[in-house]
Amino acid sequence: MKLPHGLSNSKIRTAAHWGVYEVSKSGNGDLFLAGAAEDPDPSPIGLHMASDDLKQVRIAKPSIRRSWLERGPGSNPHLRGREPFVEVEWDLALDLLAAEFKRIREKFGNEAIFGGSYGWASAGRFHHAQSQVHRFLNLIGGYVSHVDSYSLAAGKVILPHVIEGFSNLFNQHTSWDVMAKETELFVTFGGVPVKNAQISQGGPGRHRVVAGMRDMAQAGTRFVNISPVSDNMPVDSEWLSIRPNTDVALMLALAYVLETERLADLEFLATHCVGYQRFRSYLLGQTDGVPKTPAWASAICGVPMERIAVLAREMASSRTMLNVSWSLQRAVHGEQPFWMLVTLAAMLGQIGLPGGGFGLGYGAVNSVGNDNARFKFGDVPQGRNPVSTFIPVARIADMLLNPGESFTYNGKVYSYPDIRLIYWAGGNPFHHHQDLNRLLKAWEKPETIVVNEPYWTPTAKLADVLLPVTTPLERNDIAASTGEDFIVAMKKVEDPFGQSRNDFDIFDDLGRRMDIDFSEGLNEEGWLRRIYDISRENAAAKAINLPDFDEFWNAGLLDLGPEAAPVIMLESFRASPDENPVPTPSGRIEIFSETINGFSLVDCLGHPAWFEPPEWLGACDRDATTLHLISDQPPRRLHSQLDASPHSKAGKIAGREPIHIHPTDAAARGIADGDLVEVFNARGRLISAAVISDAIRPGVARLSTGAWFDMDFDSGIERHGNPNAVTMDIGASSLSQGCSAQTCLVEIRKLSARPSMLVRAFDTPQFEVSAP
Ligand SMILES: Nc1nc2c(c(=O)[nH]1)N[C@H]1C(S)=C(S)[C@@H](COP(=O)(O)OP(=O)(O)OC[C@H]3O[C@@H](n4cnc5c(=O)[nH]c(N)nc54)[C@H](O)[C@@H]3O)O[C@H]1N2
Ligand SMILES: Nc1nc2c(c(=O)[nH]1)N[C@H]1C(S)=C(S)[C@@H](COP(=O)(O)OP(=O)(O)OC[C@H]3O[C@@H](n4cnc5c(=O)[nH]c(N)nc54)[C@H](O)[C@@H]3O)O[C@H]1N2
Ligand SMILES: [Mo]
């Protein structure tokens, strides 16, 4: 390949998970950020990264919880988040920590250390908090880790059994240009939420999803949006309003029509798939007495049965792309929507054809459907973990509450370790986990909790030992992300806030106290050069020539795009399945999986199937006044990051994260637009403010994630509008044990504000003057 478009001039840039920004300084030293000129559709999320609002929630000094400092590890764990911190010098904090690691390892072994440390941290290949903390913990003898992610667990576990691992599929999504040319009908379960496409892990280059969709619309593609909300599409589309968690019933009915009207591609099913006949018996009701007809599905999902039948015929007579949002698998039985979508696409027989087949998350992040040249960028080596014990990522509260108890995962039985020390760097479990009241109880179990954080997040406030960390603006790094077109020199533009330090320097310093060689003698610049040089070699192996490090660093941005070869997912498998089989046991798409059938699970059969969720709008034991709560990704921030920024705050009402409800549900409860409301169920209570909108299905409520968890410990009420105060913390199934946040019923009532209910999320904690 020719030299990338070239080296841009030497502007100062930084990169974040929400894009590349140019940074300039005013006369008095204030920083200003603007979207990168090369990005046609930059995200406003990052414009305030240098704002005073964010500085006000920064951590200035290492801080230790009073009881832990004065009485030792394990003292008064119920006072985490309630008693004052004592600010200490770095040397004291690190000395105490090194001693505590020694104690834990000698007394309990490394199996007592949980270092999964899930979270998105910041963009940048070197100052990547997870790589840093995992490298450190591996060097000291290992830690209990996690598998999968909150993003994708049910989907990620099922896919290799059925067709191919998620990452391989992710990297070969049919590109936007191909869809604009070929796709006649685009049917999406969960929309194409462009609010989400602001993001790419590691840093998006050109934001392309809106343009990609508009090109398709202009070329004549028709869009059908199957979703409980209608405002998650950037182009005109038909909205089929569906009850949450019921898409599989609808997909089964579409399959039923294809089968019974002889519209299924029997040849593709015979040559490229296994197990269709066994699935067909279920579909027709031969195994369970329930034919999966449009009338059957309509009663479950709320989409009219006539429309279901017509849609199936339209799909069969058009070049059709099916898409599913990741949110559908973040639910109980979350494996089924992904498996059933692949099955439906297989029945249409268009997998591997240009513009046909399926997509797993167009719009979930910017990179899905990008067709950039790909090579492996270098990173910080994490080393080998001598401890093999792990948990599925979302089973953290189970692990802490039930040491020694067994759990199943992907067909095997494991048991939970007994955790004494938690180290978190780059994540916010009191944002990301479900049923946070339960996590609060579980959080009392360990003797020591260490958190590296730039900001006073809820997790930071719940630590014993809190170490302040720099932000990307305060250090040098390199951003590069698979499927994205820019490689960015992230230049340091301001000095570290207070006494904050890089995760790297913290682990290096701590490691020296524990006799490990963390840095390998390299400083920040040495590591950046090493990571870049490895990347340059990997690129050269794919005939992509990158300039040397100095040239790159001076230029500031390498552009690998925008043009590249069009991509068609599974094209070679379609052309010759014998020569290019998919990596399943049969080499074919498994509509029936002997492997999964052999696990004998009650909540995941050998073929995709409809299961009633434990909480949904069709539950017979449901109280008629409950609503189904969707907790989707927030439009104005990434998860909990930058929640204190002006852009995120501008989306709040009276300082609260708003909840969207339908006018009929509002009227039935006497709620007016902007009213404060209490959202509650048996698991918890939270305060939000109502947005009344007919873009949501009656019976459904939507409250985005990420408002900093703000628990009033006296009343047990969360004051800021964090949905995880009420979500359910059970595994998606005994196969994947994934996060099932989207399965959740709540009640809502009008609330009048009380003085004790002021939002305290962005207050700094109490401090006490250091003890002798
Ligand atoms: N109800 C509900 N809950 C959900 C979801 C949902 O759909 N519904 N979605 C889930 C999903 S998909 C995800 S991915 C998770 C996301 O959960 P997380 O990834 O945990 O959320 P973030 O807010 O991105 O947390 C990252 C933290 O890292 C900190 N940080 C940033 N840079 C650095 C650094 O350089 N060093 C250190 N030490 N720290 C740094 C940030 O300040 C922030 O506190 O949430 C999950 N939770
Ligand atoms: N701005 C922003 N973008 C982000 C993130 C962020 O925090 N902020 N997080 C990023 C991360 S880590 C991830 S994993 C991705 C996640 O991407 P997704 O999981 O796809 O995101 P969600 O916003 O949870 O849901 C997408 C859409 O699915 C709809 N939906 C919910 N439940 C159902 C259902 O049962 N049936 C149907 N048909 N539709 C349903 C929702 O209404 C929503 O419009 O987003 C990424 N993008
Ligand atoms: Mo995610």
Side-chain angles (χ1 to χ4, degrees), residues 16-18 43 45 57 117-124 127-130 132-133 149-153 188-201 225-233 240 242-247 250 301 324-331 337 361 363-366 393-394 424-434 451-455 457-460 467-472 475 477 502-503 506 616 628-643 696 700 702-706 708 722-724 726-728 739 741-744:
H17 297 303
W18 39 90
S43 162
I45 289 180
V57 288
S117 191
Y118 179 82
W120 271 55
S122 290
H127 294 291
H128 179 245
Q130 271 68 41
Q132 298 285 351
V133 67
S149 62
Y150 279 80
S151 316
L152 291 150
T188 175
F189 296 85
V192 179
V194 286
K195 66 176 173 68
N196 294 14
Q198 294 174 95
I199 306 297
S200 262
Q201 193 154 28
N225 176 25
I226 299 165
S227 174
V229 305
S230 65
D231 57 359
N232 56 0
M233 290 291 278
L240 297 184
I242 189 169
R243 277 178 169 169
N245 287 200
T246 66
D247 299 73
L250 173 58
C301 72
V324 63
S325 276
W326 298 353
S327 57
L328 271 72
Q329 53 83 62
R330 216 173 294 119
V365 288
N366 182 53
V393 67
W424 224 293
N428 189 359
F430 281 90
H431 150 71
H432 67 229
H433 195 60
Q434 286 56 67
V451 174
N452 289 12
E453 249 296 336
Y455 299 103
T457 64
T459 303
L467 304 178
V469 175
T470 52
T471 67
R475 58 203 188 202
D477 211 333
N502 300 331
D503 292 290
I506 295 171
W616 69 298
H628 193 119
L629 181 72
I630 295 171
S631 45
D632 66 342
Q633 308 293 327
R636 290 173 170 270
R637 56 183 175 265
L638 172 70
H639 317 132
S640 70
Q641 296 196 43
L642 310 190
D643 188 32
I696 191 161
V700 181
R702 169 168 125 212
L703 173 57
S704 296
T705 65
W708 283 12
N722 184 309
N724 282 325
V726 295
T727 51
M728 184 166 19
C739 159
Q742 307 304 341
T743 302
C744 178

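The structure displayed is predicted, hence computed values, not measured ones. In each ligand, atom 1 is the first atom listed, and ligand 1 is the first ligand listed.
In Y455, the part holding a heavy atom less than 4.0 Å from any atom of ligand 1 is the side chain. Residue contacts with ligand 1 for S151 involve both N, CA, C or O and side-chain atoms from C-beta outward (heavy atoms, distance under 4.0 Å). Only side-chain heavy atoms of R330 come within less than 4.0 Å of ligand 1; its backbone N, CA, C and O stay farther off. With a heavy-atom cut-off of 4.0 Å, N452 touches ligand 1 through backbone and side chain alike. Residue Q198 touches ligand 2 through its side chain alone, judged by heavy-atom distances below 4.0 Å. When heavy-atom distances to ligand 1 are checked against a 4.0 Å cut-off, Q130 has no atom that comes that close, whether in backbone or side chain. Contact annotation: for N428 versus ligand 1, heavy atoms closer than 4.0 Å belong to both the backbone and the side chain. Counting heavy atoms under 4.0 Å from ligand 2, residue N196 touches it through both backbone and side chain. Looking at L328 against ligand 2, only its side chain comes within 4.0 Å, counting heavy atoms.
Here the protein heavy atom with the shortest distance to atom 36 (N) of ligand 1 is D503 OD2, 2.7 Å. For atom 20 (O) of ligand 2, the closest heavy atom belonging to the protein is W326 N, 3.4 Å. Atom 40 (C) of ligand 2 has its closest protein heavy atom at P228 CD, 3.5 Å. In terms of protein heavy-atom proximity, atom 46 (C) of ligand 2 is closest to A364 O, 3.1 Å. With respect to atom 7 (O) of ligand 2, the closest heavy atom belonging to the protein is H639 N, 2.8 Å.
Near Q641, meaning under 4.0 Å from any of its heavy atoms, are these atoms of ligand 1: 22 (P), 23 (O), 24 (O), 26 (C), 43 (C).
Heavy atoms of R637 approach ligand 2 to within less than 4.0 angstrom. Using a 4.0 angstrom heavy-atom cutoff, G191 does not count as in contact with ligand 2. Within the 4.0 Å heavy-atom shell around ligand 2 one finds W120. Close to ligand 1: Y118, with a non-hydrogen atom less than 4.0 angstrom away.
Between the choices Q132, M728, E453, the shortest heavy-atom distance to atom 44 (O) of ligand 1 belongs to E453. When the heavy atoms of S149, S327, A741 are ranked by distance to atom 26 (C) of ligand 2, first place goes to S327.
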